[in-house]
There are 2 protein chains.
Amino acid sequence: MPDFIKDNHLFHNPVEFALSKIGGTYKMPILWRLKDKKWRFSELQRSLAHTSDRMLSKALKELLADGFITKEVFAEVPPRVEYSITERGLKSVAIIDSLRQYGFELMREYDINQQ
Amino acid sequence: MPDFIKDNHLFHNPVEFALSKIGGTYKMPILWRLKDKKWRFSELQRSLAHTSDRMLSKALKELLADGFITKEVFAEVPPRVEYSITERGLKSVAIIDSLRQYGFELMREYDINQQ
DNA sequence: GGGCATACTTACATCTTTGTTAGTTACTTA
DNA sequence: TAAGTAACTAACAAAGATGTAAGTATGCCC
């Protein structure tokens, strides 16, 4: 696997590239929530406890730019914005699910019992 | 999914936990290489170009402590150390493979053609 | 004796990601 | 008139991950 450059960033393998798109603390949790319905900014924020406006906004902006989600802005006051998942986003949900299952499996091995 | 603490570190979901074990720049590339044979430190280093002693050593030490790999030290000079994958490590190779496939898929969508 | 080889470790610098605080817009309700 | 609300952004601080340079042990070869 030779290295490659995309958007001025050097990657060494496909996993690195994939995680540059859906990795980080917030993106998978967001995609996971959007998989079956639209969510408003504030709903995501409440659901993703411990997440600041800034971080949520940043993650949403990148997912949007990368075509994993779309947003719909309503001309209301106070504003209403709804986020939905795209085809590309839906494809990512499959590996998020594998990673999730794998995480649960590891948690069991480490005797962490949650849910 | 409620939060949980393990080894003095707060986690919010199973994916975060899984990636705390096999995430980062080096761990998956290492596990991927060890999946079918033993590798020496210096072989890994040569194969994982751009990787300093320090980073390789750190990643190997953590994978070892977490039971994903084992090491065998030979009493020779200069030293020889061989790393092998464990059962737990082998299980991780399955999701690494999914992530890899997914990465290639994304690369195709972004018109990156490599291998 | 000096240099080479391997598998490390230590100290420190830098870069990237995440967190915190405060501000903005514009209408609605008390 | 003042406060409240939703969805942001900007400036800055802190934390975490990664990179760089140098050093260690031991024996072999020249």
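Residue numbers begin at 1 in each chain, while the letters A, B, ... track the order of the sequences. None of the values given here were measured: they were computed from a predicted structure.
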- Query: Shortest non-hydrogen contact from A/S47 to A/R33?
  - Reply: OG-NE, 2.5 Å
- For atom CG of A/D53 and atom P of D/dA7, their distance in whole Å: 10 Å
- Verify the cluster assignment for A/I5 and A/F17: are they in a single hydrophobic cluster under the rule of side-chain heavy atoms below 4.5 Å apart? no
- Task: Applying side chain to side chain contact (heavy atoms under 4.5 Å, CB included) between B/P29 and each of B/L56, B/L48, B/L34, report the one that passes.
- Result: B/L48
- Query: Is any side-chain nitrogen or oxygen of A/K61 closer than 4.0 Å to OP1 or OP2 of D/dT9?
  - Reply: yes
- Task: Using a cut-off of strictly less than 4.0 Å, decide whether B/T25 has a side-chain nitrogen or oxygen near OP1 or OP2 of D/dT18.
- Result: yes
- For atom CD of A/E72, is the number of surrounding heavy atoms from other residues, nucleotides or ligands below 6.0 Å larger than 12? yes
- Using whole Å, report how far CZ of A/R54 lies from C1' of C/dT24. 17 Å
- Query: Separation of B/L56 atom CG from C/dT9 atom C1', in whole Å?
  - Reply: 13 Å
- Item | B/K58 side-chain N/O to C/dT10 phosphate OP1/OP2 under 4.0 Å | no
- Item | Any residue of residues 72-80 of chain B with a heavy atom less than 4.0 Å from an atom of DNA chain D | B/V77
- How many Å lie between CD1 on B/I69 and P on C/dA7, as a whole number? 14 Å
- Message: Taking the minimum atom-to-atom distance to the side chain of B/V81, which one of C/dC8, D/dC8, C/dG19 wins?
- Response: C/dC8
- Message: Checking the side chain of B/S92 only, and the main-chain atoms of B/G89 only, is there a donor and an acceptor separated by less than 3.5 Å?
- Response: yes
- Query: Looking only at heavy atoms, which two atoms of B/R40 and B/P79 are closest? And how far apart?
  - Reply: NH2-O, 3.3 Å
- Note on the structure: Here the residues of residues 31-45 of chain B within 4.0 Å heavy-atom distance, strictly under, of DNA chain D are none
- Message: On DNA chain C, does the nearest nucleotide to A/H9 precede the nearest nucleotide to A/S52 from the 5' side, or the other way round? Give the residue.
- Response: A/H9
- Message: Any side-chain to backbone donor/acceptor pair from B/E43 onto B/W39? Under 3.5 Å, distance only.
- Response: no
- So, for B/L60 and B/L44, which heavy atoms are closest and what is the spacing to 0.1 Å? CD2-CD1, 4.0 Å
- Is the distance from OP1 or OP2 of C/dT9 to the nearest side-chain N or O of B/S57 less than 4.0 Å? yes
- Note on the structure: Here the distance between atom C1' of D/dA17 and atom CD of A/E16, to the nearest Å, is 13 Å
- Spacing of A/M55 atom CE relative to D/dA11 atom C1', expressed in whole Å: 13 Å
- Task: Mind running side chain to side chain contact (heavy atoms under 4.5 Å, CB included) on B/E82 and B/F74 for me, showing each step along the way?
- Result: CA-CA 8 Å; B/E82 287 184 351; B/F74 296 85; 3.8 Å; yes
- Quickly work out the A/L10 CG to C/dT16 C1' distance and round it to whole Å. 15 Å
- Overall bend of the helix from C/dG1-D/dC30 to C/dA30-D/dT1 (five pairs an end, 10° steps) is 30°
- Query: Taking all non-hydrogen atoms of both residues, which atom of A/L31 and which atom of A/I85 are closest, and how far apart?
  - Reply: O-CD1, 3.7 Å
- So, are A/K91 and A/E87 salt-bridged, with charged N and O less than 4.0 Å apart? no
- Note on the structure: B/Y26 atom OH is separated from C/dC8 atom P, nearest whole Å, by 17 Å
- Sub-3.5 Å donor-acceptor pair from the side chain of B/T86 to the main-chain atoms of B/G67, do we have one? yes
